[in-house]
Protein chains: 2
Amino acid sequence: MSTEKRQNTLFVGALAKGLRVLRAFDETHTELSLTELAARTGLDKSAVQRLANTLHLEGMLDKDPATRRFRPSHAWLQMAYVYYWSDPLVARAMPRLIELSQQLGETVNMAELSGDHIIYVSRLPCKRTHFAASVVGRRLPALSTSAGRAILSTFPADERAAAVEQWMLARHTPHTTMDRSEIAAAIEEAVQQGYAVSRDQMILNEMAIAAPICGPDGRAFAAVQCSVSAHSWTADKIRRNILPALQDTANAISPGASRS
Amino acid sequence: MSTEKRQNTLFVGALAKGLRVLRAFDETHTELSLTELAARTGLDKSAVQRLANTLHLEGMLDKDPATRRFRPSHAWLQMAYVYYWSDPLVARAMPRLIELSQQLGETVNMAELSGDHIIYVSRLPCKRTHFAASVVGRRLPALSTSAGRAILSTFPADERAAAVEQWMLARHTPHTTMDRSEIAAAIEEAVQQGYAVSRDQMILNEMAIAAPICGPDGRAFAAVQCSVSAHSWTADKIRRNILPALQDTANAISPGASRS
DNA sequence: AAACAAGTATCATAATATAATACTTCGCCA
DNA sequence: TGGCGAAGTATTATATTATGATACTTGTTT
């Protein structure tokens, strides 16, 4: 794309284009034809033909013989499997997250910071919920999530300020906070309390509470989060019934804490 | 690799090599240096340098600035996220799997057939368990799993026979059944009963029971599975306490069944 | 049945991936 | 501390190979 990359002899354009084909698939584009791929990637029809064909032969894309449309293959799931083994936090956290979800009987998630987004790494749904809330790998703007705010609350003040100013925001519900000073206030509250609570940010009637998972330096890179329905919970009830176990779990996961 | 692919003008070698770099990572190789990548892929050092660098720039590989080693990035998780949206079975199954796991209080999985393997698509762990058993995307030889056998049990007799004969087997525990006639017998039992039970196949002291998720033609392509500890369960208790709900769930998920 | 759109195949051309090599940095052991 | 060796990084001439225009085939629509 940018000239720097193209000029660089250490950059393999064909590979980058292949990845662009893979990235053409998303939540709303789960099955794409050749021409749709060409349109979405901005690549030449012939190029897409060759790239998609290669990805198909290599098992990265399934092809419906009837419609000739491409879909993500099981290999996309396997990539997550390999990721899990590569992330030491997951192995450390999993047993405690399971315990927590059993104890609370409510949906428990773990999220990691990924640029200015958080990404859900582990999800243990306990209640029927909106599909997107039960699937790993989802990325959301960190500023709009309790997990992101909990993580940010462990950063030095200047970094917090920079993040609140610059990190992206996107409206997901009519009540998503788009006012950055409000977000700053929420984060400062999290700094004081050691946890973050949010409401109606991503889904209506969803309340979430998150506690940071801190490294030895006190800086968080992940958070344990619990989301509940506002129909059956209040902020106060959450603080009384969820917060203690949530915080214990986050602390137990934090590297530096004693083993099991 | 094979000459057919290389000769084909519709095959982009550079992309295939890039994928080979990605596939160099697995459970036991979660972090690789340039030279290790070259060794594992069989590619030239310079080629790996260019490919890995491209994957890094495109956000597919993280690079530890200190050790210069590459690791799978969060993008690997996002691929799973996109996969989930592309697989209609997942959306259909998720709420019922959650319900089932809550009802049973035991680990519930959904697996799909993928060649001669099954792949875990959804996992709802309820008890502390071995890490690999709590992570999606794991592929296991279908013949050695209750899910695989349950799926196979819905196939016509000749296909069952061919699978039992040809599909791969791998020893995972001292008790993994390596005798194909024993496996054939287990599958015939599943044909009669409509579900499959297995024991000690992948993990010692693990018992599993699986019911097929069938298409309108009666042929299964996935299964709901429940795994429990042999310390607290017997085959009989499983049949009494787990099977009914498990089968109801599998049937409810099967396309053609009435909605919700 | 005709017309069109989408998928597939072919090919000359030039762009670009290649791999040899040289350079730099890092870690190890004397 | 200093020097050796291995690993990572950068450069370049060469020819492999990706490109995209074009022609062909299929199958869908009106």
Side-chain angles (χ1 to χ4, degrees), chain A residues 1-25 29-73, chain B residues 1-25 29-73:
Chain A
M1 193 115 288
S2 63
T3 7
E4 306 119 57
K5 284 183 185 174
R6 285 279 145 90
Q7 288 170 343
N8 195 338
T9 59
L10 292 177
F11 189 78
V12 180
L15 174 53
K17 284 176 193 164
L19 297 176
R20 230 157 115 195
V21 171
L22 295 179
R23 282 195 283 256
F25 296 88
H29 301 88
T30 59
E31 210 186 64
L32 293 169
S33 69
L34 218 55
T35 37
E36 286 167 335
L37 274 173
R40 282 183 62 77
T41 56
L43 295 170
D44 188 85
K45 183 189 168 188
S46 301
V48 171
Q49 182 189 2
R50 269 174 286 116
L51 296 166
N53 185 244
T54 305
L55 290 167
H56 175 52
L57 289 172
E58 291 294 320
M60 289 302 296
L61 290 178
D62 285 346
K63 188 175 185 176
D64 186 321
T67 64
R68 274 92 206 271
R69 292 163 76 81
F70 295 95
R71 280 177 288 100
S73 75
Chain B
M1 196 109 290
S2 63
T3 7
E4 306 119 57
K5 284 184 187 175
R6 282 281 145 91
Q7 287 170 343
N8 195 337
T9 60
L10 292 177
F11 188 77
V12 181
L15 174 53
K17 284 176 192 165
L19 297 175
R20 230 157 117 196
V21 171
L22 294 179
R23 281 195 285 258
F25 296 88
H29 302 88
T30 58
E31 211 187 64
L32 293 170
S33 68
L34 218 54
T35 37
E36 286 166 336
L37 274 173
R40 281 183 63 77
T41 56
L43 295 169
D44 188 85
K45 182 189 168 187
S46 301
V48 172
Q49 181 190 1
R50 270 174 289 115
L51 296 167
N53 184 243
T54 305
L55 291 168
H56 175 51
L57 288 172
E58 292 294 319
M60 290 301 298
L61 291 178
D62 286 344
K63 187 174 185 177
D64 186 322
T67 65
R68 275 91 207 270
R69 292 164 77 82
F70 294 96
R71 279 177 288 101
S73 76

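Residue numbers begin at 1 in each chain, while the letters A, B, ... track the order of the sequences.
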| Nucleotide C:dA6, atom P - distance to CG of A:Asp64 in whole Å | 17 Å
| query | To the nearest angstrom, how far is B:Leu32 atom CG from D:dA7 atom C1'? | reply | 15 Å
| request: Using a cut-off of strictly less than 4.0 Å, decide whether A:Ser33 has a side-chain nitrogen or oxygen near OP1 or OP2 of C:dG7. | output: yes
| field | A:Glu31: salt bridge (Lys or Arg N to Asp or Glu O under 4.0 Å) partners, not counting sequence neighbours | value | A:Arg69, A:Arg71
| message | At less than 4.0 Å, is any side-chain N or O atom of A:Thr9 found next to OP1 or OP2 of D:dT12? Yes or no. | response | no
| said: Near DNA chain D, counting only heavy atoms under 4.0 Å, which residues of residues 45-54 of chain B show up? | reply: B:Lys45, B:Gln49
| said: Rounded to whole Å, how long is the line connecting atom CZ of B:Arg69 with atom C1' of C:dC26? | reply: 15 Å
| Shortest non-hydrogen separation from B:Ser73 to B:Gly59 and the atoms involved | OG-O, 2.7 Å
| How do A:Asp44 and B:Glu36 order along DNA chain D: which one's closest nucleotide is nearer the 5' end? | B:Glu36
| Distance from A:Thr41 atom OG1 to A:Glu36 atom CD, nearest 0.5 Å? | 11.5 Å
| message | In whole Å, I'd like the distance from the CD atom of A:Glu31 to the P atom of C:dA6. | response | 16 Å
| task | State, to the nearest 10°, the angle formed by the axis through the first five base pairs of the helix from C:dA1-D:dT30 to C:dA30-D:dT1 and the axis through its last five. | result | 50°
| request: Mind calculating the distance between CG (B:Leu15) and C1' (D:dT19) to the nearest angstrom? | output: 15 Å
| request: Would you check if A:Val12 and B:Leu55 make a side-chain contact, meaning some heavy-atom pair closer than 4.5 Å? | output: no
| For the side chain of A:Thr54 and the backbone of B:Ala16, is there at least one donor-acceptor N/O pair under 3.5 Å apart? | no
| request: First locate atom NZ of A:Lys17, then atom CG of A:Leu43, and finally report the distance between them rounded to the nearest 0.5 Å. | output: 6.5 Å
| Between D:dA10, C:dG7, D:dG8, which nucleotide has the shortest distance from any of its atoms to the side chain of A:Thr35? | C:dG7
| request: Would you give the length of the straight line joining atom CZ of A:Arg68 to atom OG1 of A:Thr35, rounded to the nearest 0.5 angstrom? | output: 12.5 Å
| task | Identify, with sequence neighbours excluded, every residue that meets side-chain hydrogen bond (donor to acceptor under 3.5 Å, both in side chains) alongside B:His56. | result | none
| task | Give the minimum heavy-atom separation between A:Leu10 and B:Asn53, together with the two atoms involved. | result | O-OD1, 3.1 Å
| N/O (side chain, A:Lys17) to phosphate O (OP1/OP2, D:dT19) under 4.0 Å | yes
| request: Ignoring backbone atoms, test whether B:Lys63 places a side-chain nitrogen or oxygen under 4.0 Å from the OP1 or OP2 oxygen of D:dT9. | output: yes
| Between atom CZ in A:Phe11 and atom C1' in C:dA15, what is the gap in whole Å? | 15 Å
| task | Check the distance between D:dA7's P and B:Leu37's CG and give it to me in whole angstrom. | result | 13 Å
| note | Rounding to 0.5 Å, atoms CG (B:Leu22) and CG (B:Leu61) come to a distance of 6.0 Å
| query | What one-letter contact string describes nucleotides 25-30 of chain D from 5' to 3', where B marks a base within less than 4.0 Å of any protein heavy atom, S marks contact via sugar-phosphate atoms alone, and - marks no contact? | reply | ------
| said: Run B:Leu37 and B:Phe25 through side-chain contact (heavy atoms from CB on, under 4.5 Å) and show every step you take. | reply: CA-CA 9 Å; B:Leu37 274 173; B:Phe25 296 88; 4.1 Å; yes
| field | d(CG, B:Leu10; C1', C:dA9) in whole Å | value | 7 Å
| Among pairs that include at least one residue of residues 41-56 of chain B, which meet salt bridge (charged side-chain N to carboxylate O under 4.0 Å, His left out), considering only residues two or more places apart or in two chains? | none
